[in-house]
Number of protein chains: 2
Amino acid sequence: MSAPTVYDVAERSGVSIATVSRVYRNPDSVRAETRDRVLDAARSLGYVPSGNARGLASRTTGVLGLCFPDYADPDAETGAEAEAEAEADDSAVMLYSDQIIRGMERAARRHGYALLIAASLVGGPESLVAKVAGRVDGFAVLAKTVPTEDLEVISRRLPIVMLAGPREIDHLDHIEVANSDGERELARHLIRDHGLRRLAFVGGERESPDAQARFRGYQEACREAGLPVADEPDLRAEMMTQAEGERTADALLDRAAGRERPEAILFANDQMAIGALHALERRGVRVPDDIAVTGFDGIPLSRIVRPSLTTVRQPMRRLGEEAVGLLIHRLADPTRAPVSLMLPVSVTRRSSCGCG
Amino acid sequence: MSAPTVYDVAERSGVSIATVSRVYRNPDSVRAETRDRVLDAARSLGYVPSGNARGLASRTTGVLGLCFPDYADPDAETGAEAEAEAEADDSAVMLYSDQIIRGMERAARRHGYALLIAASLVGGPESLVAKVAGRVDGFAVLAKTVPTEDLEVISRRLPIVMLAGPREIDHLDHIEVANSDGERELARHLIRDHGLRRLAFVGGERESPDAQARFRGYQEACREAGLPVADEPDLRAEMMTQAEGERTADALLDRAAGRERPEAILFANDQMAIGALHALERRGVRVPDDIAVTGFDGIPLSRIVRPSLTTVRQPMRRLGEEAVGLLIHRLADPTRAPVSLMLPVSVTRRSSCGCG
DNA sequence: TTGAAAGCGCTAACAC
DNA sequence: GTGTTAGCGCTTTCAA
């Protein structure tokens, strides 16, 4: 059963292949009667136009791409019970990219594009990135997922927009989120509105530009308020997961045993903050009465947990939408100057800091 | 800047185009020295292999697809503040497909495939579905997203697996979830273990096969227990959203005013149940003391809300993984008999029914 | 409105 | 290990 082609459809409907092609590309340019004949023939043959052939001939794909980090080991066992656990924590972890995917998918669809997604995977010339690059009209890359070197090469052939994280390649379009501003606002709120003075910050790995920017915002707020300015987070987590949040919260309290413990812990993201909430509840430390806790991201869970989490809301979905916008623009005008957007964030005051 | 091709790379590195091709397809079949020359040339030219050309020549794409329903109007305004609201409710709504996407993406990656996703969109010959179909080696379709007629045609040219929902086309691979069994177990639990006898069921639209199957499970449990068997849900929601859950919960209580109200309300999904929790709290009706509430799906929020929600956990991510498995199998053996899987679900007992 | 012919950039046999 | 040569199935001029 080798797939029918334009030739088969043309023959069966008594027209030329050019006409068959027109029917799919621009139906109105074909007489209605002819068109119906072609469509009938196509249906009865089970004809599906080859995207590859179309793409090759027209030099476009109608597809946009997204490369995001590989959060979880794809080879991990997915045992029956193991899954329940895994899904629970990890669903929070991945919400971030889920939202971006969703935003991109929608915006892409609005422009008539489909979305090709692939988590990054190191590899030779045949890496997934290369595959994606060859199959799309342009794509977005989350920070730290593709070697800069590869992006350099690929970006010479098609539009790439870099998402979240510092601008690594300055001739590329780029979108980031006001991490530093957001954390500064948040810390200011804690200091000014709640009068807290002993703050602690739990960061992420040193390579996480987001976590670093948030820490800088925290530093600025401390400096402004005349509080001691740490030059390193009080603690760093490798994974920024709930589990790590629990661990770091425990560590922080243990460390403070006997001395005055912090009045607030600012976590570099929501997942950790939520993990910390569990740890604190377990230890009988009341939030926000005994200690305030804040996160960053504004994932849906943050408003559901008890106490609800004060956080900084990132417009993740909008990130995806803007990414598509930039790609579409650049596709239309490849010569325009590189654009760099900084998306605003907003502090969401809830119970865990003593508001709401 | 017309993109460089194998010819350019071949010329620049002094080899034939076949060798260039080999370097990307099967690096080990080329002498290391030659390979490096080719790779260098490619890098300096900014060469990216054309997925279209490769696909056309090799008759494969290395991409799997997923078509899912269009939950939200892509043309909807995404105003600054509007988004916060939208994201809140809708993040719950879409978790379902998010999980499937995630499961598919992972499994696909494990097999060296990328994933092309597109929400369904009605349209002429140029519908998104057609686009997807032409660009993948096989794809999965969520129930009710693509006209059966289209699937008939397309399935003659490439593997399709249908997800969730009854098997509409019997020569296709198909995966469903044990909706009926799950709801029956859940209702049994309420009846037997908690001794409840006045139950109410809130369903979804008549066209939702999942909601219907769940209702059937509910009916069976009633029948078994000698309780009155309704032949229609007590109430139906059009959207199965939190908002509808609130509305239906209110309606149910209003309707029962003066008479005995139900001892338990079983909702056809978690979102509605969670909405109902809000409504009940607002009205001062205690859950589970005054009334038990249950959902279906096992979305992450279900264990976070207070009281935590008793529900039936669907293995959504596994659905995605199994879908990839079926596609891979069928790709390897197109002649094998159609497979139909029924994924088991499990009742998760939590606070909202009086457990945990 | 429709047809004829020339590629699009690659892979796959098959030679060497 | 490497080169030659046909296509893969479509879109795109250019004519008619």
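In what follows, every chain begins at residue 1, and chains take the letters A, B, ... in the order their sequences are listed. Quick caveat: nothing in here was measured; it's all calculated off a predicted structure.
Among the protein residues, B:Val20 comes within range of no part of the nucleic acid, since none of its heavy atoms lies under 4.0 Å from any strand. Heavy atoms of A:Ser21 sit under 4.0 angstrom from at least one base atom.
In this structure, the nucleotide among C:dT11, C:dG3, C:dG7 sitting nearest to the side chain of B:Ala57 is C:dT11. Candidate nucleotides D:dG9, C:dC10, C:dA12 were compared by shortest atom distance to the side chain of B:Arg59, and D:dG9 ranks first. For B:Ala18, the side-chain atoms get nearest to D:dT4 when compared with the rest of C:dC10, D:dT4, C:dG3. Listed candidates were D:dC10, C:dC10, C:dT2. Nearest to the side chain of A:Thr34 is C:dT2. When each of D:dT4, C:dC10, D:dT2 is scored by its nearest atom to the side-chain atoms of B:Arg31, the top-ranked nucleotide is D:dT2.
Between B:Gly55 and A:Ser16, the residue anchored nearer the 5' end of DNA chain C, judged by the nucleotide with its closest heavy atom, is A:Ser16. Nearer to the 5' terminus of DNA chain C, by closest-nucleotide assignment, is the contact made by A:Val30 (compared with the other of A:Val30 and A:Ile17).
Side-chain contact annotation: B:Arg25 with B:Ser21, donor-acceptor N/O pair under 3.5 Å present. With no hydrogens or angles considered, a side-chain donor-acceptor pair links B:Asp333 and B:Thr335 at under 3.5 Å.
Between the base of C:dC10 and the side chain of B:Tyr7 there is a donor-acceptor pair shorter than 3.5 Å.
Of the side-chain N and O atoms in B:Tyr47, one or more sit less than 4.0 angstrom from OP1 or OP2 of C:dC10. For the OP1/OP2 pair of C:dC8 and a distance below 4.0 Å, the side-chain nitrogens and oxygens of A:Ser58 include no atom meeting the criterion. The phosphate of C:dG3 has OP1 or OP2 within less than 4.0 Å of a side-chain N or O from A:Thr19. Here B:Arg22 does not reach the OP1 or OP2 of D:dT2: none of its side-chain N or O atoms lies under 4.0 Å away.
As a whole-Å value, the separation of B:Glu11 CD from C:dC10 P is 14 Å.
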key: Verdict with supporting geometry, A:Tyr113 and A:Leu331, side-chain contact (heavy atoms from CB on, under 4.5 Å)   = CA-CA 12 Å; A:Tyr113 285 87; A:Leu331 250 11; 3.8 Å; yes

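We find the CD1-NE2 distance between B:Ile328 and B:His111 to be 5.0 Å, quoted to the nearest 0.5 Å. Atoms CG and CD, on A:Asp98 and B:Gln99 in that order, are 7.5 Å from each other to the nearest 0.5 Å.
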